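Since the structure comes first, as structure tokens, the remarks are kept for the end.
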Amino acid sequence: MVNRRTAECLRKVFASLLLTSLPLAAQTMATQTLAAQTAAKPTSRLPQLVEKDGRFALMVDGQPYLMLGAQVNNSSAWPSMLPKVWPTVQRIGINTLEVPIYWEQFEPEQGKFDPSILHTLLDQARTHHVHLVLLWFGLFKNGSDHYTPPFIKLDEKDVPHVTAANGRKVDSPVSWSQVALNADRAAFVELMRDLKAADPQHTVLMVQVENEAGTWGSIRDYSPTAQKLFAEQVPHELIQSMHKQPGTWQQVFGDTADESFQAWGIAHYINQIAEAGKAVYPLPMYVNVVTRDPFHPSPGSWASGGATDAMIPLWKAAAPSINILAPDLYTPGYNVYTKLLDIYDRPDNAMFVPETGNAPEYARYLFAVIGHGGIGFSTFGMDATGYSNAPLGAAKIDDATTAPFSLVYSIFGPMDRVIAQLNFEGKLQAVSEDPAVHTQTLNFGAWKANISYGLPQFGSGQKAPGNKTPEGGAMVAALGPDEFLVTAIHARVDFEPATEGAQRQFVRVEEGTYINGVWHFLRLWNGDQSDYGLNFTSVPQVLKVKLATY
Ligand code: DGJ
């Protein structure tokens, strides 16, 4: 297994070998080019989410970026905990760390801000050569107000908890509190102001506004204030942007009136926070979503008012300052996981998975996320602070936990920009292993790429056995009419011409590696390595394949 640090060393060794095998003049030129590339510091262009023909790219330093991330545990963003974070995430080989900023820590007393953790995080991220995504744990964290400072948490009069239909208070704050909005917004704006001043080199790429916002324990708020709002007309701006006829919540939304009312309140609240933050420093901003089972959504199993599948159109209309509705994916089953990717991959929504489980079977879903045009993927709870969110993830964060993620990150890390660019151009397809079928097909017009999972598959007549635990994935990108970039794990990839009767032959199968976006040749695959298809194991390997027919 090659982790990112080893891969980095190999790349350096390889680069120096490459140099010494060149004639002297070429060596000097190549050294200058490499030096120029190394010296080419970020151009300080603001990270931006761009869209073209329904495809998205997160532009970092002016080029599409593929975020290979990890998120720390909830209570790890303290200076004393960070030494337990870096070794784990470095072992995984991330290029971006997701880390919370806690409102209670940032504003311990009303109006007194403490940005020291922000500076610590920026310094340490730069030392470790990774980017950051900041998570604003404001009024909403997993639907509760647990990260609010005491002056909010204890103010039940102005920032009450939601009242359920039976009159009991539940552990979620109301979204209509002007006191909460004013304070949350002021703190967030202060954070964005500090960040802008402290981060001219754009270490921070995006900001998550609140965390898994929604209401647990009641479909909506039934307090007297909420009842009054619920009986009123749906706000004009929502009617207009959703192209609805005016009316009360019940008249406009019928069966989904309660949840739509709750979703509007939360989305509108968050939008006002994001809008004010962007006015100061316009980084891309997103919300993370508690997803629900898309096949069997059982009532009460998701946070009401969050941007679940049913509420996506409403959220898009109510929160235009939020760039991405990003699903948190903690259900490892293939059908549910990939269905949720289908749902959130929309022409008006970039594919981004800000949290996924850290058990081994989740790592392969990086392929499916990339296959959905994903701008990023991040595994949750990856640090050595002594906590793990099992059974959603691994029981213990050790080498066995990090290895499947380091494998997939070591494949895509060295070519992250290349992959993001190919994806933005619509040239790439990728899939994760479906244990129910063992084979999948990617259609590229004149060629089909057939993926079969599980090894060994020596010889041509072998049936794909599937992997014992589904851990395979494959990616194929068109570089030219008969030329493809290919990588996979625990799978065989073969090509089949669309033309009836024609047979494929490999003209050239070249293994190589990308260094600073430039392809470097390592060897040709032939004989056992390619006679019966291209067999990928648990070694990070990337191929450029030229095809012909006979
Ligand atoms: C999703 C939340 O967004 C995370 O902060 C964390 O609480 C995980 N669930 C569970 O560990």
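What you are looking at is a predicted structure, and each value in this text was computed from that prediction instead of being measured. In each ligand, atom 1 is the first atom listed, and ligand 1 is the first ligand listed.
For ligand 1, the atoms lying closer than 4.0 Å to a non-hydrogen atom of N74 are 4 (C), 5 (O), 6 (C), 7 (O). Near E212, the atoms of ligand 1 lying under 4.0 angstrom from a non-hydrogen atom of the residue are 1 (C), 2 (C), 3 (O). Within the listing of ligand 1, atoms 4 (C), 5 (O), 7 (O) sit less than 4.0 angstrom from a heavy atom of K141. The ligand atoms of ligand 1 that sit less than 4.0 angstrom from a heavy atom of D328 are 3 (O). Using a 4.0 Å cut-off to heavy atoms of N288, the atoms of ligand 1 that qualify are 3 (O).
Between K278 and E275, no side-chain nitrogen of the basic residue sits less than 4.0 Å from a carboxylate oxygen of the acidic one, so the salt-bridge criterion is not met. With respect to R220 and D258, a salt bridge is recorded, a charged nitrogen being found less than 4.0 Å from a carboxylate O. For the pair D309 and K339, the salt-bridge criterion is not met [side-chain N within less than 4.0 Å of a carboxylate O].
Side-chain atoms of D221 come within 3.5 Å of backbone N or O of T163 as a donor-acceptor pair. The backbone N or O of I370 lies less than 3.5 Å from a partner atom in the side chain of N423, making a donor-acceptor pair. Side-chain N or O atoms of D345 include none that pairs as donor or acceptor with a backbone N or O of M351 at under 3.5 Å.
Counting protein heavy atoms only, atom 6 (C) of ligand 1 is closest to F380 CZ, 3.5 Å. Considering only non-hydrogen protein atoms, atom 9 (N) of ligand 1 sits nearest to E355 OE1, 3.8 Å. Looking from atom 10 (C) of ligand 1 to the surrounding protein, the closest heavy atom is N389 ND2, 3.7 Å.
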Begin from the C-alpha positions of Y330 and E355 and carry the test side-chain hydrogen bond (donor to acceptor under 3.5 Å, both in side chains) through to its verdict.
-> CA-CA 8 Å; Y330 285 100; E355 288 183 38; 2.6 Å; yes
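Here N142 has side-chain heavy atoms under 4.0 Å from ligand 1, and that is the only part of it that gets that close.
Checked by distance only, ligand 1 and N211 come closer than 3.5 Å through their nitrogen or oxygen atoms.
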